[in-house]
Protein chains: 2
Amino acid sequence: MAHDRPLADRAAQPRRRARVTAADVAEAAGVSRSAVSRAFTPGAYLDADKRQLVLKTAMDLGYRPNALAASLQGAATDLVGVVVGELSNPYDSEWLAALVSALNASGKWPIVLGGQAEGLDESVTSILSYPLDALIVRGGSLGEALIDNCTKLNIPVIFSGRVISHPAIDCIACRNHIGMVQAVTLLLESGRRRIGYIGGPPTLSSEQERLAGVVERLAEAGLTLAAQVTSDYSFGGGQSAMRTLLQDTSPDAVVCANDAMALGALSFARNCRNLTVPEDLAIIGFDDIAMAAWAEFNLTTVRNPLAKTVDEVLRLLEGRLANPQKPGEVVMIDPDLVKRGTH
Amino acid sequence: MAHDRPLADRAAQPRRRARVTAADVAEAAGVSRSAVSRAFTPGAYLDADKRQLVLKTAMDLGYRPNALAASLQGAATDLVGVVVGELSNPYDSEWLAALVSALNASGKWPIVLGGQAEGLDESVTSILSYPLDALIVRGGSLGEALIDNCTKLNIPVIFSGRVISHPAIDCIACRNHIGMVQAVTLLLESGRRRIGYIGGPPTLSSEQERLAGVVERLAEAGLTLAAQVTSDYSFGGGQSAMRTLLQDTSPDAVVCANDAMALGALSFARNCRNLTVPEDLAIIGFDDIAMAAWAEFNLTTVRNPLAKTVDEVLRLLEGRLANPQKPGEVVMIDPDLVKRGTH
DNA sequence: CAGTTATGTGAACACGCGTGCATATTTCGA
DNA sequence: TCGAAATATGCACGCGTGTTCACATAACTG
């Protein structure tokens, strides 16, 4: 019977062709396996000539120490989970690109989950099977339920874009409230009074903070929102939100919860309603994605500093790895207003 | 001396707090470690009640089998390397997002390298320390030298966007030549005669094929390029390329090697030279990124089918994993012309 | 009841690696 | 020349799994 054949026979038909191993190199070079291991370990006792021979042989055979087997001894894996939601929001794409680049530069290898909403929780559960050094989560892309899972597995979690009230979790977020106050102040100063708002998914804490910033600054000036539409952080969503907004009201300014929607709104106002921006209508976004600076749009927006955010994520990561027991840190980043041509 | 303290002492101060292990669960549940392993192995002999008890205990302790340790027995790791160059080209970002999403959906976990040009080779070498199931490489982001490394390590390589002449490597690419022939044909049919070209990095094979398509179709009509500028596949690069182009010549059409440059060129022509597109000047791009369809641009372009490309990558991957020894497959995808408002 | 088969289970092994320990070899000082 | 210190190296262990193997118990069969 097939399942009864001896080991040697089974080894002749492995599921996956075996990887070159330290034992192979040892045999080929005529040294002990320990010597091979030592040749790849800086500072280990090994005759210089012999080390040279081993490295040469390893090179010929294409041998590399198996990082996974090595991690069994307690070494760090340098594997970091990165969870980002649907990438329909360009800011998320830019965040991911910058983060991946920075992680690579410091010798960490990101396992990326994203692009899909459904099944994301399940996916995260799956990658917890790997001994990750840490898990980096973008904004509201994931429930807090997974924190328990991670702490039980001793995998540190770092949130970017949301503040979690948990004693041992590092967070980094933008002061959304302040950013929106700045934006509305700018509009009020230039005489706008009928101000509308296009928001993102209301469940996101960042969305709530941004809306609150707008509403409170308006209240301070004795005003309320002229109109409010909820959308999905995408360009297309911004377009249709603007259509809805202009059906019922005629605002003289619209604040958008992110740049992608602002660009969509801007596009719709110009091309489908023949409005002149900013004369007929001012539009302000949030994030300052690369496209916002393009001449076509020249969007006035609130910058959500990307480079600084990623730098801080890496700083928190290094700190957490150096001292897993240290208390959680919350880093708040100040946005700044970028005045361009749509206000 | 510190390095002489016995094992038990050292274990009390581990570098990284240990992960919950099968032995821990076994002890807590009062069963053997084998039973724990069996509880997580579908189809293994184990009393239903006992399995239930083990799973319950594991849940409480937050235990998950360590996928890396499991892979030592020969199981697949489900880890896939994904190499993408600088993400300045939006098409690359879209490709990455779509690929990550598709991989996740089929239970593969991508380790992503990219966003940086320098040090990329070194990074790839580093992740070869992990027993990857496969390596997926985007276009010209990497030299062919790594193929040897991978084959020695028995890690299959799949190229997307470039054809490699190697007997055991899977490739998938777009028929760039055909796409450009279609684009130029469209321009010729509408009476354009002074046709310029904005290209990407000349070392990329895709770039060479696209240029060749343009030149050959022109030659067929008895024409040559009215002007030619080389740039970097980015929006800003397209802008400055257009400036250069318009300094020396006055073409009635410009073909761009990708959409990002086409949008930059379009933006520059309109906003900085007050040209009307397409009346004064036709512009055609390549890729059909999401932004090309935006009302502001409404770019006529050659679609490089993204969904189909990713589907094929996954099909090749599954096929390769099912049969590592099968001969390499080359999949060519036909582009199609998307006629919008800039021709 | 004896004999065969089905059903569970724990001990032991292998996977690839780094490293402590003990031993073998060389170098050095007196 | 001899002992001690320094240097080099092989053996063996453990990391956390899945799985084989031998064995124990329960369930049938006639």
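Note that the structure is predicted; figures quoted are calculated from it, not measured. Residue numbering restarts at 1 for every chain, and letters A, B, ... go by the order of the sequence lines.
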Return the value, rounded to whole Å, for the distance between atom [atom1] of [X] and atom [atom2] of [N].
{"X": "A:Arg33", "N": "D:dC11", "atom1": "CZ", "atom2": "P", "answer": "11 Å"}
{"X": "B:Tyr45", "N": "C:dG10", "atom1": "OH", "atom2": "P", "answer": "16 Å"}
{"X": "A:Arg38", "N": "C:dT19", "atom1": "CZ", "atom2": "C1'", "answer": "7 Å"}
{"X": "A:Asp49", "N": "D:dT7", "atom1": "CG", "atom2": "C1'", "answer": "14 Å"}
{"X": "A:Lys50", "N": "D:dT7", "atom1": "NZ", "atom2": "C1'", "answer": "12 Å"}
{"X": "B:Leu72", "N": "C:dC13", "atom1": "CG", "atom2": "P", "answer": "18 Å"}
{"X": "A:Asp47", "N": "D:dA6", "atom1": "CG", "atom2": "P", "answer": "19 Å"}
{"X": "A:Leu46", "N": "C:dG18", "atom1": "CG", "atom2": "P", "answer": "13 Å"}

Answer with base, sugar-phosphate or nothing: what part of the nucleic acid does [X] contact at a heavy-atom distance below 4.0 Å?
{"X": "B:Leu68", "value": "nothing"}
{"X": "B:Arg64", "value": "sugar-phosphate"}
{"X": "A:Thr41", "value": "sugar-phosphate"}
{"X": "B:Ser34", "value": "base"}

Please tell me which of the listed nucleotides, D:dT19, C:dC17, C:dG10, lies nearest to the side chain of B:Ser37? D:dT19
Per nearest nucleotide of DNA chain C, the residue lying toward the 5' end, A:Tyr63 or B:Ser32, is B:Ser32
Any chance the side chains of B:Ser205 and B:Arg162 put a donor and an acceptor closer than 3.5 Å?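 No donor-acceptor contact under 3.5 Å links the two side chains.
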Under 3.5 Å side-chain donor-acceptor pair for A:Asn104 and B:Ser123: no
Assess whether atom CD of B:Glu318 is packed by more than 12 heavy atoms of other residues, nucleotides or ligands within 6.0 Å. yes
Could you tell me whether B:Lys56 and B:Asp60 have a side-chain N and a carboxylate O separated by less than 4.0 Å? yes
Give the minimum heavy-atom separation between B:Leu128 and B:Ile155, together with the two atoms involved.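 Heavy atoms of B:Leu128 and B:Ile155 come nearest at CD2-CD1, 3.8 Å.
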